[in-house]
Amino acid sequence: MIVDLHNHTTLCNHATGEMEAYLLTAIEKGTRFFGFSEHAPMDFDQGYRMRFDQIPLYEAKIERLRKDYGDRITLLLGYEVDYLEGYIDPRIFEQKSDYLIGSVHFLKKWGFDNPEFIGEYANRDIDAIWQEYFDAVEAMAKSGLFDIVGHIDLIKVFRFMPKRDIRMIAKKAIAAIKEANMVVELNMAGYRKPIREAYPGESLMEMIAETDIPITFASDAHAPEQVGLFSDELVSLAKRFGYEKCAVFRKRERELIKF
Ligand SMILES: [Zn+2]
Ligand SMILES: [Zn+2]
């Protein structure tokens with residue numbers, strides 16, 4: 001996996017290990033473009049994200065690592081921004097960044113991917129929350145604020161699967177992603193979760209390929225040993241659906257490179 005754009009740091013309070021250790025693992029795995037994309041600050045769920053006053057530190061650490069390892073790997077600076085209406089802090093769009101990942105982790109204020117709140121699934125209609133989730137992904141794409149769709153089908157994380165065809169549920173979201181000229185990441189975090197597969201799953205992957213939406217790759221690592229752990233699986237998924245190129249970003253300019 002020569003590109004890996006979604007990785008976290010201890011600044012979000014739910015990841016471990018030095019940034020240098022993430023980078024060294026990436027170098028060891030043959031990664032050429034590695035990006036940190038810390039959970040962006042906002043006035044919601046603040047225990048699980050960095051703060052605005054930590055941005056200079058985040059930038060300085062990346063700058064230091066660029067100096068030390070720039071001859072071996074290209075290090076990129078990104079943010080993973082929660083798409084949560086009413087809470088997105090526009091100051092994040094004024095920061096230095098190579099790319100922004102837009103992710104849906106909350107439906108209203110329910111953190112549906114957090115094991116602490118898994119009990120809430122029992123109170124919900126599964127088909128309805130899947131639709132609500134993909135409606136949020138569609139709105140995120142239509143906002144035009146982001147470069148990459150984060151873990152596009154995260155709603156499957158605990159294996160509460162819908163009765164309706166996933167392709168029908170996701171249809172408008174996929175069209176909006178295409179229209180917004182966004183990239184979908186192939187994210188390996190799903191392999192570490194009960195669903196035990198990549199985001200996106202096969203049927204969505206087929207739609208993404210048919211719609212000719214560009215892809216990129218993501219460890220979504222929250223610990224150095226997670227960097228590149230399931231890269232073979234992601235690369236073979238991409239190839240199976242006909243992809244030969246993936247996206248990298250510099251200062252929010254996209255380039256497609258052969259992988
Ligand atoms: Zn996280
Ligand atoms: Zn995420």
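When a ligand or atom number is given, it counts from 1 through the structure's own listing order. Note that the coordinates shown come from a computational prediction; the quantities given were computed from them, not determined experimentally.
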Enquirer: If we ignore angles and hydrogens, is there a donor and acceptor under 3.5 Å between the side chains of Glu20 and Tyr69?
Expert: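 Result is yes, a qualifying pair exists.
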Enquirer: Is Arg91 salt-bridged to Glu94, cutoff N-O under 4.0 Å?
Expert: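 No, this pair does not count.
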Enquirer: Distance-only check: which donor-acceptor pairs under 3.5 Å involve side-chain atoms of residues 211-218, not counting sequence neighbours?
Expert:
from	atom 1	to	atom 2	distance (Å)
Thr211	OG1	Met207	O	2.5
Thr216	OG1	Ala247	O	2.8

Enquirer: Does any donor atom in the side chain of Asn181 or Arg254 lie under 3.5 Å from an acceptor atom in the other side chain?
Expert: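 Per modelled atom types, Asn181 and Arg254 side chains form a pair under 3.5 Å.
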Enquirer: Identify whether NZ of Lys or CZ of Arg in Arg252 sits under 6.0 Å from the centre of the six-membered ring of Tyr99 and within 45° of that ring's axis.
Expert: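 No - Arg252 does not lie over the ring of Tyr99 by the 6.0 Å and 45° rule.
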Enquirer: Which protein N, O or S atoms lie under 2.8 Å from the Zn ion (ligand 2)?
Expert: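 Atoms qualifying: Glu80 OE2, His105 NE2, His151 NE2.
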Enquirer: Where the Zn ion (ligand 1) is the centre, what is the NE2-to-NE2 angle for His222 and His14, rounded to 10°?
Expert: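 An angle of 100° at the metal.
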Enquirer: Are side-chain N/O atoms of Asn187 and His151 paired as donor and acceptor at under 3.5 Å?
Expert: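 Short answer, no.
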